[in-house]
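Sequence lines set the chain letters: A, B, ... in the order given, protein chains first and strands last, and positions in each chain run from 1.
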Protein chains: 2
Amino acid sequence: MDYTSLSKEEIERLLSEQNRVLKEIGKKKIALDISRGKPAPMQLDGVMPLLDILGSDTVFPKPDYRNYGILEGIPELRALFAQILGVDKNEVIIGGNSSLNMMYDTIARAMQFGICGGQPWFGRKIKFLTPVPGYDRHFGICEHFGIEMINIPMTPTGPNMDLVEQLVSGDDDIKGIWCVPKYQNPTGITFSEDTVRRLATMKTAEDFRIFWDNAYVVHDLYEDGDTLANIMSIAKEAGTQDRIYQFTSTSKVTFPGAGVACLAASEKNIKDILSHMKYQTIGANKINQYAHLLYLKSAEHVKELMAAHAAIIRPKFDKFMEVMDEAFGDDSGIASWTRPKGGYFISLDVLEGCAKEVGRLCKSVGLTITNVGDTYPYGMDDKDSNIRIAPTFTSDEDLEAALQILVCCIKVACLTKLSSK
Amino acid sequence: MDYTSLSKEEIERLLSEQNRVLKEIGKKKIALDISRGKPAPMQLDGVMPLLDILGSDTVFPKPDYRNYGILEGIPELRALFAQILGVDKNEVIIGGNSSLNMMYDTIARAMQFGICGGQPWFGRKIKFLTPVPGYDRHFGICEHFGIEMINIPMTPTGPNMDLVEQLVSGDDDIKGIWCVPKYQNPTGITFSEDTVRRLATMKTAEDFRIFWDNAYVVHDLYEDGDTLANIMSIAKEAGTQDRIYQFTSTSKVTFPGAGVACLAASEKNIKDILSHMKYQTIGANKINQYAHLLYLKSAEHVKELMAAHAAIIRPKFDKFMEVMDEAFGDDSGIASWTRPKGGYFISLDVLEGCAKEVGRLCKSVGLTITNVGDTYPYGMDDKDSNIRIAPTFTSDEDLEAALQILVCCIKVACLTKLSSK
């Protein structure tokens, strides 16, 4: 049913019906949350054997991983991440528990010290390209450091590359672009090989950097997961390998907040980064790194671990599709959404001008969704259309209830809008 | 024996004798290291039960410590550190594994964002007071950020406070002072109550901060350890509580590099810090925090754990005193040293102009000592007199050998100097 072509009477009738449903929901004193991309408790239960890996009888490699040192992280784990990311092991730094922290610190270093001996960014006009909808914490870092953001619309193959190329070739103040290239947050889209190639080879300022947040590199939900082209290989062929800062972590492989994060970059970049990092720390938690090494074992074994996560998450994505397909189908004119094969998010677009109202209605009946607008820099979605759906944390039962509420709120908000035309 | 009052003939005779000893040592192909303040493997063996604390059957508190969140650290551990440091639990942030990292980040935030809404330090003339001899990594942070360091001589009661007060009252560019107030690195001196009081109450610029690196707060070696006055209590009475950033960690309680670090400050400062930190990370490793909570248990139990460390370290400090007393006594005129009751270091002063030569001679026969000069900013000890001794990492047997070599090198270097007068 195409809601946008209904008669005024039909709209009023449906709206009145949905308002009744919403009122009934409101009476139930619900408290549901599909706002953040957090693993479900059941997923974490599956990771608990990690805590049995080390014990008082563990014999650690030399130089003693229990003592100070090894700034760049333990070599075996660098090698494992290198394999997963398709880079050389000397191109990897293993950090603490948070890739966000490594991204923030990378920007902070550029602000303070410049990149590879270049001018510090502090006090200068610095711009970043921000594919939208995108990840709020990327935007938050830019906003906090006073970096201007230029929005680039996401397409089904990645950011609009015509626009990206045009902008970076003509403006040396543009120093970076944020990318979540696989199962993008929130669209779930994986950049096409053409997009990756164009990003790696386009003409840019000398100290331009691609912040390649490969957060979902191993986070397939279906057997036929997406394939992301290896940007580092393409860049090396083109001689642009210094352009890429790649990040990932095990936050959604083992424990969020207690995993290990990594930064991968060219040897020139790694040398530059370590030349600053050595003043910041003597090294990250190598005992946790070693526990992860023994738990993750190999790239193949990581795939097995991720299959266990997928078995829990996949039904939730499927449930979303099922409920939304039934409620709206393909041609409702008021709601459309992505169909990711991995990652943690689904991007939902509702009738323009209705997203904030959907958020408000959901909240009014006890359903917390991602703050509407957060998928855009400064929280400003000019179309007021995009909503990020994070279905992973909630139980299957609660998710079904949450989705029914969401459907009702979308209908009420959009029908209200249509009725006022 | 006062070496400085010996006859030229006697000096020549002793020098010739010591040169023979040194030559014999050189033949032995020794490789010893007393350069860094690292716990000995035997100490770390004693900490191994920490790795048995958590397992797949552990039930974590809510909100689920295994998942994202709790930026400021888990409440129980904040409370424990608050007790150890004598502050309120709301005045504590538990970070990752490294207090150095928290100090560096604190300076980096001040450079970028200023303190509590003040002007950023970037691009301005910023000066710090640096008690000397002091900790090389404090100096390294200042040097890296281009912060000018003004040396303040250490006295037996702490930094020369007359000089400190005079400088900070007249120069608003002075924004901080680095202090290791208990068992100072490298002197082992604990600041007197009068020193602590003067630091807390002196007249300073509005955004002046004391970087109170309380690294050795529980690191007594003898039962009658030093008592450090509670700077936060004194500051609260004086209304200067915003002046203090306090740091500590369990790097030398549990595992170096895999412990937990903390920052303690006034609620106003904590609020300011968290307002920036929230862009940097979603939170530190709470699983490691929880493991530490269960292992450390209480302030009383921490004392017991530290007694076990002391039992291993104390004989090494005693051995140093024994060897040096026998070799030089109180009136050699060429070597004097501190007698710390805790911490990880001893400060050794040799005849002026001879420290670098002692380092060179030690290295020539296979003994690595802390790089001479490192106890001063920019590596510049104008008197070329100070050497930091770090006796903890080496085995008792190796330490004895290392000290005999050190004694010989001191004698050769100083006698050579005296003979050239």
Which heavy atom of [X] sits nearest to which heavy atom of [Y], and what is that distance?
X	Y	value
Asn97(B)	Asn285(A)	ND2-N, 3.5 Å
Gly55(A)	Asp52(B)	CA-OD1, 3.2 Å
Gly140(B)	Tyr279(A)	O-CD2, 3.4 Å
Phe122(B)	Pro120(A)	CZ-CB, 3.7 Å

Gln280(A) side chain near Asp105(B) side chain, heavy-atom distance below 4.5 Å: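 In short, these two side chains touch, coming nearer than 4.5 Å.
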Greatest number of heavy atom pairs closer than 4.5 Å to chain A - which of [options]:
options	answer
Met277(B), Lys252(B), Glu143(B)	Lys252(B)
Ser251(B), Gly123(B), Pro49(B), Gly69(B)	Ser251(B)
Pro41(B), Gly96(B), Ala108(B)	Pro41(B)
Met102(B), Lys278(B), Gln43(B), Met48(B)	Met48(B)
Met103(B), Gln112(B), Arg137(B)	Gln112(B)
Ile287(B), Asp64(B), Leu44(B)	Leu44(B)

Interchain contact, Phe60(A) with chain B, by part (heavy-atom threshold 4.5 Å):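 The side chain, not the backbone.
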Atom pair OH/NZ of Tyr68(B) and Lys38(A) - distance to nearest 0.5 Å: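 That separation rounds to 10.0 Å.
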Rounded distance (nearest 0.5 Å) linking atom CZ of Arg66(A) with atom CG of Leu50(B):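 Taking CZ in Arg66(A) and CG in Leu50(B), the distance rounds to 11.5 Å.
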Per-residue contact mode, Phe255(B) against chain A (heavy atom under 4.5 angstrom):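 For Phe255(B), the contact with chain A is made by backbone and side chain together.
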Segment of Thr106(B) engaging chain A (4.5 angstrom heavy-atom cut-off):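 Neither part, no heavy atoms under 4.5 Å.
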For chain B, which candidate among [options] shows the most heavy-atom pairs at distances under 4.5 Å?
options	answer
Met111(A), Lys286(A), Gln289(A)	Met111(A)
Asn288(A), Ile107(A), Asp45(A)	Asp45(A)
Ser56(A), Gly146(A), Gly283(A), Gly259(A)	Ser56(A)

Aromatic ring pairing Phe113(A)/Phe145(B), orientation class (parallel under 30°, perpendicular over 60°, tilted between):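 Correct class here is tilted.
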Geometric class of the His144(A)/His276(B) ring pair [parallel <30°, tilted 30-60°, perpendicular >60°]: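 Judged by the thresholds at 30° and 60°, the geometry between His276(B) and His144(A) is tilted.
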Asn67(A) side-chain N/O to Pro39(B) backbone N/O, donor-acceptor pair under 3.5 Å: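 Indeed, once roles are kept as given, a pair shorter than 3.5 Å links the two residues.
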